[in-house]
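FYI, the numbering just counts along the sequence from 1.
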Amino acid sequence: MNLNTTLDPVLLRSFVAVVETGSFTRAAESTHLTQSTVSQQVRKLESQIGCELLHRKGRYVTATLEGERVLSYARRILHLMVEAVSQTSLSVEQQKIRLGVPEDFATHAIMPTLADFSRRYPSIRLEVKSGMCSDIWREFQRNELDLALVKQRQNSQPGLASWPEPLCWIDSLEGNNLQRDPIPLVTFPIGGLYRSEMAHTFDSLGRSWRLAYVSTSLSGVCCAVEAGLGISLLPKRLVTANHRILGESEGLPPVADLELTLHAQPQLSAYDKMLADELIGACEGMFSA
């Protein structure tokens, strides 16, 4: 035998199958090959090693003394190959972090933090999804996200950390949409916290309202208000110079603050925890500014 010979795992697999089944026919069935192919592969393995590995006489095929030695190594080699693949796949899966964030935080608010994390840990596959908080929360509950930043009513769901999110009514700078009947509203689709609060407020005031603009895009909602399409309820930090804040002097009641909460699955990797800490730091800096 040439000591530089590389043993083909395909040949080893056929050899092990023959020994374990005691038959070329049954080995062919278990490996999904033809009987002649299995026979040829075992012959090739014997040629590479330089000795007979099987007793082919009699009702059952059995291993020779040399075959028994090779069998032990063959099983170990095949086992190590399976283990290598499974462990590598597990490692790759463990190095993925799935994060969900509201759209207004998926822009300048936390992007520097995420970009810096990705640069420092290039082996980590960071997957970020932005969208409506109701959608993000459902995916988190289905264990499709490892970490999730969501806006919620205060103290509704405990998380790793929370920050108050004050809301306010806004109209365009020169607009007077509150005097129109019905009142035109600019809002998000069904399921958004702002939308339900807006509808409840005007229903309780006995004022009729209509949906003038509906969008899943926060920037779209802000622009629609600036353009004068209607009024909306949004976080105070998103008010621009082209907006006008409405309040009790216009007959609108104050609105309870929401809160931004970072949620995490019970079982987190070390990298998940590091990213969570960095997100908490970023939010602390943003809300304390």
Side-chain angles (χ1 to χ4, degrees), residues 81-165 167 187-197 214-221 234-235 238 256-287:
M81 290 179 62
V82 172
E83 183 178 316
V85 172
S86 63
Q87 289 300 315
T88 301
S89 299
L90 179 61
S91 176
V92 170
E93 186 66 25
Q94 288 175 335
Q95 291 179 352
K96 178 171 67 175
I97 301 178
R98 304 163 301 171
L99 170 67
V101 297
E103 185 192 358
D104 51 320
F105 284 87
T107 53
H108 302 293
I110 62 170
M111 277 302 162
T113 299
L114 299 180
D116 181 64
F117 185 87
S118 293
R119 283 192 294 269
R120 286 185 287 117
Y121 305 105
S123 63
I124 303 301
R125 193 171 72 199
L126 181 59
E127 297 180 358
V128 183
K129 178 172 183 179
S130 68
M132 292 181 60
C133 290
S134 54
D135 294 333
I136 292 171
W137 180 244
R138 279 193 293 270
E139 291 190 27
F140 179 79
Q141 290 183 306
R142 294 196 298 261
N143 202 29
E144 295 172 5
L145 295 171
D146 304 302
L147 300 169
L149 272 170
V150 296
K151 295 177 187 179
Q152 59 186 35
R153 302 194 187 281
Q154 289 187 326
N155 303 315
S156 57
Q157 295 288 343
L160 295 180
S162 296
W163 303 268
E165 178 78 296
L167 303 179
T187 186
F188 297 94
I190 294 175
L193 288 173
Y194 308 148
R195 173 167 170 159
S196 59
E197 189 66 40
V214 178
S215 175
T216 58
S217 168
L218 179 67
S219 61
V221 169
L234 290 173
L238 300 178
D257 293 351
L258 295 179
E259 65 181 13
L260 177 72
T261 301
L262 176 61
H263 294 277
Q265 297 295 349
Q267 301 298 324
L268 294 180
S269 70
Y271 289 108
D272 289 325
K273 293 176 182 177
M274 285 193 295
L275 179 58
D277 289 340
E278 296 190 19
L279 288 172
I280 290 173
C283 290
E284 292 285 359
M286 179 175 55
F287 282 99

Steps toward side chain to side chain contact (heavy atoms under 4.5 Å, CB included) verdict (Leu234, Tyr194): CA-CA 7 Å; Leu234 290 173; Tyr194 308 148; 4.1 Å; yes
Would Cys283 and Leu262 count as a side chain to side chain contact (heavy atoms under 4.5 Å, CB included) here? Give the steps. CA-CA 10 Å; Cys283 290; Leu262 176 61; over 6 Å; no
Working to the nearest 0.5 angstrom, can you tell me the gap between Met111 CE and Ser118 OG? 9.5 Å
What I want to find out is whether Lys273 reaches Glu278 closely enough, with some N-O distance under 4.0 Å, to be called a salt bridge. no
When every non-hydrogen atom of Gly159 is compared with those of Thr261, the smallest separation belongs to CA-CG2, 3.7 Å
Value rounded to 0.5 Å, distance of CZ in Arg142 from CH2 in Trp137: 12.5 Å
Heavy atoms only: give me the nearest Val214-Arg195 pair and the separation to one decimal. CG1-NH1, 4.2 Å
Could you tell me whether the side chains of His263 and Gln152 share a donor-acceptor contact shorter than 3.5 Å? yes
To the nearest 0.5 angstrom, please state how far the OG atom of Ser162 sits from the CG atom of Leu260. 7.5 Å
Test side chain to side chain contact (heavy atoms under 4.5 Å, CB included) on Trp163 and Ile280 and set out the steps. CA-CA 10 Å; Trp163 303 268; Ile280 290 173; 4.0 Å; yes
Does Glu144 pair with Arg98 as a salt bridge, N-O distance under 4.0 Å? no
In terms of side-chain geometry, is the basic nitrogen of Arg153 or Glu165 positioned less than 4.0 Å from the acidic oxygen of its partner? no
Flag for Thr113-Asp116: side-chain donor and acceptor within less than 3.5 Å: no
Closest heavy-atom contact between Ala264 and Leu160? CB-CD1, 3.6 Å
Looking only at the side chains, is there a donor atom on one of Ser217 and Ser219 sitting less than 3.5 Å from an acceptor on the other? yes
Shortest non-hydrogen contact from Asp146 to Leu268? O-CD2, 4.0 Å
Can Tyr271 and Leu126 be said to form a side chain to side chain contact (heavy atoms under 4.5 Å, CB included), step by step? CA-CA 10 Å; Tyr271 289 108; Leu126 181 59; over 6 Å; no
State the CG-CE distance between Leu279 and Met274, to the nearest 0.5 angstrom. 12.5 Å
What's the spacing between Cys133 SG and Ile136 CD1 if we round to 0.5 Å? 5.5 Å
In terms of heavy-atom contacts, Leu275 and Ile97 come closest through CD2-CG2, 3.7 Å
Pair Glu127 + Arg125, salt bridge at N-O below 4.0 Å: yes
Does the plane of the ring in Tyr121 sit parallel, tilted or perpendicular to the ring in Phe117? Use 30° and 60° as the thresholds. tilted
Any side-chain heavy atom of Asp257 within less than 4.5 Å of one from Leu167? no
Check against salt bridge (charged side-chain N to carboxylate O under 4.0 Å, His left out), Glu139 and Lys129: CA-CA 10 Å; Glu139 291 190 27; Lys129 178 172 183 179; 2.2 Å; yes
Do Pro102 and Val150 have side chains that approach each other closer than 4.5 Å (heavy atoms only, starting at C-beta)? no
If you round to the nearest 0.5 Å, how far is CG of Leu114 from CZ of Arg119? 10.5 Å
Closest non-hydrogen atoms of Leu145 and Leu99, given as atom of the first, atom of the second and distance, are CD2-C, 4.0 Å
